[in-house]
Amino acid sequence: MAEEKSQNLEKKVVSGMFWKFLEQISYQGIQLLFSIVLLRLLTKEDVGAVGIISIFISIANSLIQTGFSQALMQKKEIKAVDYSTALFSSLLLAGLLYLVFFFLSPFVAAFYQLPLLTGLLRLMALLLFPGAILSIQLAYASRALSFRPIFLCSFLSSLFSGIFAIVLAMRGFGAYAMAYQQIIFSFSSVLVLLILLPYKPGFGFSVRSLQSLFGFSWKLLLSGIVDQIWQNLYALLIGKKYSVEELALYNRGEMFPKLISATLSSLVSSVLFPAFSKLQGEKEKLLKGVKKSVSLSAFLLFPLLFGLMAVGKPLIILLLTEKWIGLLPYLYFLSLVYLLFPLHMINLQVMNSQGRSDLFLKIEIQKKIVGILILAVTLPFGLFPFLWGKIIGDWICFYLNTRPNKKLLNYGFVEQIREVLPSLFAALFMAALVYQTGIFLEKKGVEELFRLLILIPMGGISYLIFSYLWNRETLSYSFSLFRLFRSSR
């Protein structure tokens, strides 16, 4: 019976990963395509203005969405009143935050000396309301490991909102084109999930349910806010200390590595958290699942980010034109920053899935203290020492994230580094080969498109060869997982 239960869980996880993978690929792929078109149509000031407002919305969304959704997924037994209580509380908080943003918007515009920000913040703050509903809908789907509706939702909403944004940009709406893209995406996502999911929002409210959910979620809520502020602090400082145009380069330099890393992290987080939660008390099975998650994440992510760095220059010129070539240094730095992002996520999800939100908050506080110290030391020396500090801080934070799992599973920093080294070496050798070949082709006058057509297949083939030599076990596991994906369709 236990073996059958374990196999059923594994099948659900694989099926969930398949649909979550499709959802992320479709959503991120469509978003990337429309972003490329919009970047060609809009100015750096337009992009930078939306970037500033997006920071405030991200922090507010973290306050609304982080705690309750995680609490709903972690709870062993759940009732309809738990969902309705979480929804009512999230919408109430969204309303309060909207009022705060409405009255603060002129001060934000004055701080950045951009009058455009007043109306833009008031408009984009509307995102808080569909965000509150979406967080509950996604918690329901993730808890059931039901990701097919999310795939359809993301695909349809991305397509519709992207087309609408391009039409607005061509008609001269500027920054508002990107703002309406996000608003239409969020509202249409809520509508599609209302149709596709069995869950329908209710109107019940229970103080006891709120106390139960808040008891788990308040630590995640607080740590989520702190983390969002910290994640966006660099962008806020660049926008103020340098210029909105420089912020646009930073944001767009972050676009490609963040897309790759966030896609994989979202896949890991959304699927593995509910799966890990079902393994509470089964230490051996949990350790096995975590080790596979770490090795597979590194195997998939490392070649993509190092490969991105190797082909960055021709890729930017081809997709975004020479106008955006200034984002190349940011792409290099931020690719190194996002290298460990899914591994952070796995370690934190293990803690959350075992109900240890107290450790989660404690570690977040430790990481922010380290980060502030590094920030204070590097900021006076200029922009790029500032970014080097971000990379160093990220490795220190990874060490802090692994410490609890050393005690819980005897799987800490050293063990995880040892786990990912074969993938790291294979990715580095591949990237070196691709980069040197790219330089040779550029000197020979080969155009960007043809360089990419040569370099990308070369990178994929060489990585598989190096993996076969040094990382055969993970390579074999990846192929077996791919076969399971195909059978899960």
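- Screening F302, Y435, F306, W470 for a ring-ring contact (aromatic ring centres under 6.0 Å, His included) with F429, the sole residue that qualifies is W470.
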Quick one: do N401 and K367 satisfy side-chain contact (heavy atoms from CB on, under 4.5 Å)? Show the steps, please. CA-CA 9 Å; N401 282 337; K367 290 191 297 186; 3.1 Å; yes
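- Inter-residue side-chain proximity for L308 and Y338 is flagged as unmet; no heavy-atom pair is nearer than 4.5 Å.
- Nearest heavy-atom pair across A235 and I55 is CB-CD1, 3.6 Å.
- No side-chain heavy atom of T474 sits less than 4.5 Å from a side-chain heavy atom of E419.
- With S476 contributing its side chain and R472 its backbone, the two residues share no donor-acceptor pair below 3.5 Å.
- In this structure, a donor-acceptor pair under 3.5 Å is present between the side chains of Q416 and N347.
- Within the model, atoms CG of L104 and CZ of F56 stand 8.5 Å from one another, a figure rounded to the nearest 0.5 Å.
- Within the 4.5 Å cutoff, the side chain of Q181 has heavy atoms near those of the L38 side chain.
- K313 has no carboxylate O lying under 4.0 Å from a charged side-chain N of E448, or vice versa, which leaves the two without a salt bridge.
- Heavy atoms from other residues, nucleotides or ligands lying under 6.0 Å from OH of Y399 number 12 at most.
- Taking CD1 of I36 as the start and CG of L32 as the end, the distance is 4.0 Å to the nearest 0.5 Å.
- Remark: the backbone N or O of K292 is paired with a side-chain donor or acceptor of S295 at under 3.5 angstrom.
- The minimum heavy-atom distance between I53 and M124, with the atom names listed, is CG2-SD, 3.5 Å.
- The backbone N or O of L334 lies less than 3.5 Å from no partner atom in the side chain of K258, so there is not a single donor-acceptor pair.
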Going through the distances and angles, do K44 and V244 end up as a side-chain contact (heavy atoms from CB on, under 4.5 Å)? CA-CA 8 Å; K44 292 177 186 175; V244 175; over 6 Å; no
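- Within the 4.5 Å cutoff, no side-chain heavy atoms of L42 are placed close to those of V50.
- Once rounded to the nearest 0.5 Å, the distance linking CD of E246 with CG of N251 reads 11.0 Å.
- In terms of heavy atoms, L319 sits closest to R40 at O-NE, 2.9 Å.
- Judged purely by atom type and a 3.5 angstrom limit, S157 has no side-chain atom pairing as donor or acceptor with the backbone of S154.
- Counted within 6.0 Å of CZ on F381, heavy atoms from surrounding residues, nucleotides or ligands total 12 or fewer; the atom is thus considered open.
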For L121 and F107, what are the C-alpha separation, side-chain angles and deciding distance, and is it a side-chain contact (heavy atoms from CB on, under 4.5 Å)? CA-CA 11 Å; L121 178 53; F107 300 100; over 6 Å; no
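- F425 and F466 have their aromatic ring centers separated by at least 6.0 angstrom.
- R451 places no side-chain N or O within 3.5 Å of a backbone atom of I439 that could act as its donor or acceptor partner.
- Of all non-hydrogen atoms in A310 and A431, the two that sit nearest each other are CB-O, 3.7 Å.
- Side-chain N or O atoms of S297 include none that pairs as donor or acceptor with a backbone N or O of V294 at under 3.5 Å.
- Expressed to the nearest 0.5 Å, how far CD1 of I64 lies from CG of L127 amounts to 10.0 Å.
- Side-chain atoms of F450 and L441, non-hydrogen and from C-beta on, never get closer than 4.5 Å to each other.
- Between F413 and W395, the two ring planes are perpendicular [angle over 60°; tilted spans 30° to 60°].
- In this structure, I57 and F101 have side chains that are in contact, with non-hydrogen atoms separated by less than 4.5 Å.
- The closest donor-acceptor contact from the side chain of S186 to the backbone of Q182 lies under 3.5 Å.
- Within the 4.5 Å cutoff, the side chain of L315 has no heavy atoms near those of the L331 side chain.
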V290 vs N405, test: side-chain contact (heavy atoms from CB on, under 4.5 Å). Steps then yes/no. CA-CA 10 Å; V290 173; N405 291 324; 5.9 Å; no
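- Here the side chains of W324 and V47 are in contact, with some heavy-atom distance below 4.5 Å.
- Taken from CG in L114 to CG in L120, the straight-line distance is 10.0 Å, to the nearest 0.5 Å.
- Remark: of the listed residues L433, V434, L428, V434 is the sole one forming a side chain to side chain contact (heavy atoms under 4.5 Å, CB included) with M430.
- Taking both residues in full, the closest heavy atoms of A298 and P303 are given as O-CD, 3.8 Å, listed atom of the first, atom of the second, then distance.
- Annotation: the span from T378 atom OG1 to I391 atom CD1 amounts to 11.0 Å, rounded to 0.5 Å.
- Residue I363 comes nearest to L400 through the heavy atom pair CD1-O, 3.8 Å, listed as atom of the first residue, atom of the second, then distance.
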